[in-house]
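Okay, so here's the structure we're looking at.
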Amino acid sequence: MSAIEDKYNALLAQGWTPAVPLSVIPAPVPGTPGHFFGYVLSNGVAVTLYNHPAVGTFEVHGAILARYLELGGPLAYGFPITDEIDDVVGYQAAGRVSHFERGSVFYSHGRVFELTASAPSGADFEIYDGIDVSYAQGRINWTKVGQAGLGFAYMKATEGDNLTDAEFARNWSGSDGALRRGAYHYFHARTTPDAARAQADHFVDVVAAAAGSAADLPPMVDVESLPQGVTAAQAITSLEFFLAIVWQATGQRPLIYTYPSFWQSALKGSSAFASTYQLWIASYGRPLGGGEYATRPNGPLVPTSWSDYAVWQHAVRRGVPGIGTAVDRDMVMVPGGLTLAEYLG
């Protein structure tokens, strides 16, 4: 029995019933060692199963399948590397997505769009591995983290107008001298620019008051949610105001952290920041269960408004000494001749 037939039978067991009974006869994908098999469900939705011996066997269906074929299918966009899964932004499903070797196709609120993987450019660079943490990781043994060989860590300091992360003070003092570190704020977009002042001031004040040495790395703002009643245009102007205040107060240019589908969909792919602020992109591979995600092959997905990225949050995994939970894994490729702080600043 072929891998495609195994997949077909597994889908049948889940209720993916074809419109008419049929035999599974995979067809070759020309010029590759891969095969495919397509059929139509009883509800009229088209499904295609793809297999590549180096990747595996996955299904693509419905509107995502249609866009994938428009993009050229496996010959142009690569074979699928996941089934269609939830597009998770933070801890919530924002739509559906299928990941392919060279990009991903998203379905959200009736809209289909694709983002292409961005491979690193140039060969003269040094790789820094890091993590970012919050109260979700609980008590952290920073001595063990520092001995694990990581290059940097970012810690959540604040959120919204007045929330301070419950573990920030402990994380900041405990990590002092253990490794390079920076602080971040979880941004709540507002309907007017000046309404973002309170959270900018709160973030700056909390980090400045933390015991221990000052930040080694520039601040980061986490942009991954759009409050009800706030438009994309309002979110953009309030974020511009927030960033300007933090930059002026700290003397350091903040980084913008986001998810590719959120920026492309909720913020309409805004290009308002790409020429001024560096991108920290959260772009994972397949889900591993238990809140863990593998690293996406062939580089992260990048919103079309940016031509490159500075930091890649590439996975969520357990296994960092001193941390008992899964934790965001980050990577920075620093060009030769620059320090990590110089490159991010």
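Since the structure is predicted, the reported quantities are computational estimates derived from the model, not experimental observations. FYI, side chains are in, hydrogens and waters are out, and symmetry mates aren't considered; it's all heavy atoms of this structure. One is the number of the first residue; the rest follow in order along the sequence.
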Between [atom1] on residue [X] and [atom2] on residue [Y], distance to nearest 0.5 Å:
{"X": "Ile281", "Y": "Trp312", "atom1": "CD1", "atom2": "CH2", "result": "11.0 Å"}
{"X": "Tyr8", "Y": "Ser2", "atom1": "OH", "atom2": "OG", "result": "12.0 Å"}
{"X": "Gln147", "Y": "Leu179", "atom1": "CD", "atom2": "CG", "result": "11.5 Å"}
{"X": "Arg190", "Y": "Leu239", "atom1": "CZ", "atom2": "CG", "result": "12.5 Å"}
{"X": "His188", "Y": "Leu163", "atom1": "NE2", "atom2": "CG", "result": "7.5 Å"}
{"X": "Ser283", "Y": "Gln313", "atom1": "OG", "atom2": "CD", "result": "10.0 Å"}

Treating Ile, Leu, Val, Met, Phe, Trp and Tyr as nodes and any side-chain heavy-atom pair under 4.5 angstrom as an edge, say whether [X] and [Y] lie in one connected cluster.
{"X": "Met333", "Y": "Leu217", "answer": "yes"}
{"X": "Phe36", "Y": "Phe79", "answer": "yes"}
{"X": "Trp263", "Y": "Val97", "answer": "no"}
{"X": "Leu115", "Y": "Tyr284", "answer": "no"}
{"X": "Phe152", "Y": "Met220", "answer": "yes"}

Point to revise | CA sep, side-chain torsions, deciding dist, call: Asp161, Arg197, salt bridge (charged side-chain N to carboxylate O under 4.0 Å, His left out) | key: CA-CA 8 Å; Asp161 293 344; Arg197 180 181 295 276; over 6 Å; no
Consider only side-chain N and O atoms of [X] and [Y], and report whether a donor and an acceptor are under 3.5 Å apart.
{"X": "Arg296", "Y": "Ser104", "value": "yes"}
{"X": "Glu59", "Y": "Tyr50", "value": "no"}
{"X": "Asp330", "Y": "Trp280", "value": "yes"}
{"X": "Thr158", "Y": "His202", "value": "no"}
{"X": "His35", "Y": "Thr57", "value": "no"}

Exercise for review: Please confirm whether Phe242 and His185 have ring centers closer than 6.0 angstrom.
Suggested key: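 Judged by ring-centre distance (under 6.0 Å), Phe242 and His185 do meet the cut-off.
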**Study point:** Centroid-centroid under 6.0 Å between Tyr154 and Tyr184 rings
**Key:**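 Between Tyr184 and Tyr154, which both carry aromatic rings, the centre distance is not below 6.0 Å.
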Check your understanding: Testing His61, His99, Lys7, Arg286 for side chain to side chain donor-acceptor pair (under 3.5 Å) with Asp83, which one passes?
Key ->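 That would be Lys7.
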Between [X] (side chain only) and [Y] (backbone N and O only), is there a donor and an acceptor less than 3.5 Å apart?
{"X": "Gln199", "Y": "Ala196", "result": "no"}
{"X": "Glu342", "Y": "Thr339", "result": "yes"}
{"X": "Gln137", "Y": "Ala326", "result": "yes"}
{"X": "Asp86", "Y": "Val88", "result": "no"}
{"X": "Ser238", "Y": "Ala235", "result": "yes"}
{"X": "Arg102", "Y": "Ala76", "result": "yes"}
{"X": "Arg329", "Y": "Arg318", "result": "yes"}
{"X": "Asp165", "Y": "Tyr135", "result": "yes"}
{"X": "Ser175", "Y": "Ala178", "result": "no"}
{"X": "Thr237", "Y": "Gln234", "result": "yes"}

Practice item. Return the orientation label for the Tyr277 and Trp247 ring planes: parallel under 30°, perpendicular over 60°, tilted otherwise. Key: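 Perpendicular: the ring planes of Tyr277 and Trp247 meet at over 60°.
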Provide the closest heavy-atom pair for [X] versus [Y] in the form atom of the first, atom of the second, distance.
{"X": "Thr48", "Y": "Leu65", "answer": "OG1-CD2, 3.6 Å"}
{"X": "Leu344", "Y": "Ala310", "answer": "CD2-CB, 4.2 Å"}
{"X": "Pro303", "Y": "Leu279", "answer": "CD-CD2, 4.0 Å"}
{"X": "Ala266", "Y": "Ala232", "answer": "O-CB, 3.3 Å"}
{"X": "Pro18", "Y": "Tyr39", "answer": "CB-CD1, 3.8 Å"}

Check your understanding: Under the side chain to side chain donor-acceptor pair (under 3.5 Å) criterion, do Tyr309 and Gln278 qualify, and how do the steps go?
Key -> CA-CA 7 Å; Tyr309 61 93; Gln278 296 210 80; over 6 Å; no
Check your understanding: In terms of heavy-atom contacts, does CZ of Arg96 have more than 12 from other residues, nucleotides or ligands at under 6.0 Å?
Key ->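 Correct, the count exceeds 12.
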**Study point:** Residues, nucleotides or ligands: over 12 heavy atoms within 6.0 Å of Gln14 CD
**Key:**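 Correct, the count exceeds 12.
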For residues [X] and [Y], determine if any side-chain heavy atom of one lies less than 4.5 Å from a side-chain heavy atom of the other.
{"X": "Leu49", "Y": "Val60", "value": "no"}
{"X": "Tyr68", "Y": "Pro80", "value": "yes"}
{"X": "Val302", "Y": "Asp308", "value": "no"}
{"X": "Leu12", "Y": "Asn9", "value": "yes"}
{"X": "Thr32", "Y": "Leu75", "value": "yes"}
{"X": "Val246", "Y": "Val221", "value": "no"}
{"X": "Ile85", "Y": "Pro287", "value": "yes"}
{"X": "Pro219", "Y": "Val207", "value": "no"}

Check your understanding: Should Phe113 and Arg111 be marked as a side chain to side chain contact (heavy atoms under 4.5 Å, CB included) after you check the CA-CA gap, both sets of side-chain angles, and the distance that decides it?
Key -> CA-CA 7 Å; Phe113 59 94; Arg111 179 172 173 248; 3.6 Å; yes
Exercise for review: Apply side chain to side chain contact (heavy atoms under 4.5 Å, CB included) to Ile323 and Ile131, showing your working.
Suggested key: CA-CA 11 Å; Ile323 300 179; Ile131 56 174; 3.7 Å; yes
Point to revise | Residues which pass side chain to side chain contact (heavy atoms under 4.5 Å, CB included) with Pro21, listed by chain and number, not counting sequence neighbours | key: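 None.
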Check your understanding: By side chain to side chain contact (heavy atoms under 4.5 Å, CB included), which residues pair with Glu224, not counting sequence neighbours?
Key ->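 Val89, Tyr186, Asp222, Tyr257, Tyr259.
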Practice item. With Arg170 as the cation and Phe168 as the aromatic partner, state whether NZ or CZ is under 6.0 Å from the six-membered ring centre and within 45° of the axis. Key: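 Ring-cation test returns no.
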**Study point:** Set of residues satisfying salt bridge (charged side-chain N to carboxylate O under 4.0 Å, His left out) with respect to Arg317, sequence neighbours excluded
**Key:**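 Per chain and number, Arg317 pairs via salt bridge (charged side-chain N to carboxylate O under 4.0 Å, His left out) with Glu292.
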**Study point:** Candidate pair Val55 and Phe100, rule side chain to side chain contact (heavy atoms under 4.5 Å, CB included), full reasoning
**Key:** CA-CA 10 Å; Val55 177; Phe100 303 91; over 6 Å; no
Point to revise | Evaluation steps, side chain to side chain contact (heavy atoms under 4.5 Å, CB included), between Asp216 and Leu340 | key: CA-CA 9 Å; Asp216 305 293; Leu340 178 64; over 6 Å; no
